[in-house]
Amino acid sequence: MSVSSDSAKPDQPNSTNETVSQPAENSAAPNRMPYLSNFGSDVANSWLLPDGVVDVLFEDAHKQEVLRHQLIEQLITHGYQLVCPPMIEFTESLLSDASEDLKRQTFKIIDQLTGRLMGVRADITPQILRIDAHHGGTGIARYCYVGDVIHTLPSGLFGSRTPLQLGAEIFGCASLAADIELIDVLFTMVNKLNMSAALHIDLGHVAIFKRLAELAELSDSDTEQLMYLYANKNLPELKRVCRALPMGDDFYVLARFGHDIANLLAKLSDAAQQDSQIATAIDELQRLKNYLQDQWQCPVSIDVTELSGYHYHTGIVFNGYINSETQPLVRGGRFDGMQSQTQALRAATGFSMDVSRLLAHTQLDAPTVVLVDFAALSNANTDEIQTLLQQVESLRQQGYRVTMPLDAQDSPDDVTHRLSMADDSQWQLQTV
């Protein structure tokens, strides 16, 4: 059965005799102020933090400050001088000897006073180099520091862009004794924390690869290609590339046997074995590994192809890992201090860590949280109030957290004790 087009359509208003009805009031409401429909989402978006940036709240914030204080006090008691460089500097000083990686990690801003380019620090170590060049003199100097740094990009998957960096540096000592002292300080600090995990140390020595590159007279492009292959652990491609390089077998040996420090020297060519710098570097690695295992019973691995700081480090390098985490908690190693007009390059070594990374692996003692009874506080006379204030001050000096409530509903969530008025008109501390 066919249906006519007229019967299938709804009745249409007469264009000449009928007016089109207006939409109902409630249907028009969303269109009168369309900006209101986006207001909630705009507010939510304005509260979003950038990727890699988080709030540190409540117990974690307290824990972070406790860790910060405990760690820096340990460094100070070991003879390290505390310095607090500024968050911003002119890029000429902040990035004068910086690697390309550090330059990319540094936010640049324009100084509104001078029009010069400034950088927001992404690492505090370059600032320590500047401080030592001006104030360190020619003898041995020890520095420690703690402060926020800001990165343009997160380091690793889910990495933070705002680490709380803490570190220690020794300038003016070229011997292995300085590296051993830093290792001792690091483990003393960590062992005094209530940590649920232990450090694993991965050792390397960039001087071995640097010296081989000098002996083979490698070009910069060949050097960068080898470093790329080492970083990706691509042994088949590395073997192919090394066939075309001078001393190519030695560069392949570094990747193939670089984890076996006891046999590494024997696997190298005669020219490499007879080089005093390479032999010294391998000996330093072996001595430091033995020291870590004997003194601190620490798991130690060796990787002489760890060259992530190749353009900055000059000798021993080490990374400290917690459990199976892919990003190191601690990074350290040898580097050269800045050259000033009055002194040559200064041997230096140091380490740094992100304190916020410790939050998941440490615990604070459970706090004692005291709440003053609001009813008793409201009915107390002047003398009783004075006695209460004295007792509250005494409890706070002992480390108790005491809340004086502002109303009957003002109460922390984790109250452990209550300070109430006893029958003898004395304030009494009671367990909840």
Side-chain angles (χ1 to χ4, degrees), residues 97-102 173-180 202-291 300-319 331-339 344-350:
D97 295 317
S99 66
E100 290 302 316
D101 286 341
L102 183 57
C173 181
S175 74
L176 190 64
D179 304 280
I180 290 176
D202 184 63
L203 290 176
H205 205 306
V206 300
I208 299 174
F209 176 77
K210 283 188 175 184
R211 182 55 179 163
L212 281 177
E214 290 175 1
L215 293 174
E217 298 181 348
L218 289 188
S219 65
D220 290 342
S221 61
D222 287 337
T223 300
E224 294 295 332
Q225 184 180 22
L226 286 175
M227 291 169 57
Y228 174 80
L229 294 173
Y230 286 150
N232 288 277
K233 310 300 182 186
N234 191 342
L235 286 180
E237 179 65 12
L238 177 67
K239 188 173 185 178
R240 185 191 67 80
V241 169
C242 286
R243 290 195 189 103
L245 294 177
M247 302 182 71
D249 289 343
D250 287 321
F251 293 109
Y252 182 72
V253 163
L254 290 189
R256 183 68 177 81
F257 302 100
H259 304 280
D260 184 7
I261 196 65
N263 297 320
L264 176 60
L265 190 60
K267 300 292 184 180
L268 295 172
S269 65
D270 291 341
Q273 290 182 29
Q274 295 168 10
D275 186 84
S276 60
Q277 295 183 37
I278 294 177
T280 299
I282 293 178
D283 178 65
E284 287 180 344
L285 272 179
Q286 187 65 63
R287 289 165 57 193
L288 192 53
K289 177 185 179 182
N290 293 340
Y291 182 82
V300 181
S301 58
I302 301 289
D303 185 2
V304 298
T305 61
E306 168 48 51
L307 302 172
S308 57
Y310 174 80
H311 297 291
Y312 172 72
H313 287 295
T314 59
I316 286 279
V317 292
F318 63 90
N319 292 322
R331 297 179 184 269
R334 282 261 158 203
F335 58 95
D336 284 332
M338 292 177 65
Q339 187 174 18
L345 290 175
R346 275 163 63 78
T349 184

Can you find a pair of side-chain heavy atoms, one from [X] and one from [Y], that are under 4.5 Å apart?
X      : Y      : answer
Ser219 : Thr223 : no
Asp222 : Leu226 : no
Phe251 : Leu218 : yes
Val300 : Leu288 : no
Lys239 : Leu235 : no
Ile316 : Thr349 : no
Glu306 : Asn319 : yes

Would one find more than 12 heavy atoms of other residues, nucleotides or ligands at under 6.0 Å from atom NZ of Lys289?
yes
Any pair with a residue in residues 241-259 that passes side-chain hydrogen bond (donor to acceptor under 3.5 Å, both in side chains), sequence neighbours left out, goes on the list, sorted by first then second residue, please.
Asp250-Ser269
Can you sort out the partners of Arg240 under side chain to side chain donor-acceptor pair (under 3.5 Å), two or more places apart, ordered by chain and number?
Glu237
The criterion is side chain to side chain donor-acceptor pair (under 3.5 Å); which residues satisfy it with Asp220, sequence neighbours excluded?
none
Could you pull out all residues at least two apart from Tyr230 that satisfy ring-ring contact (aromatic ring centres under 6.0 Å, His included)?
Phe209
Run the ring-ring contact (aromatic ring centres under 6.0 Å, His included) test against Phe318 and tell me which residues pass, sequence neighbours left out.
none
Only pairs at least two apart or in different chains count here, so list each salt bridge (charged side-chain N to carboxylate O under 4.0 Å, His left out) that has a residue in residues 225-234.
Lys233-Asp303
Flag the pair Arg346 and Asp336 as a salt bridge only when some basic side-chain nitrogen lies within less than 4.0 angstrom of an acidic carboxylate oxygen.
no
Between the side chains of Asp270 and Gln274, is a donor N or O closer than 3.5 angstrom to an acceptor N or O?
no
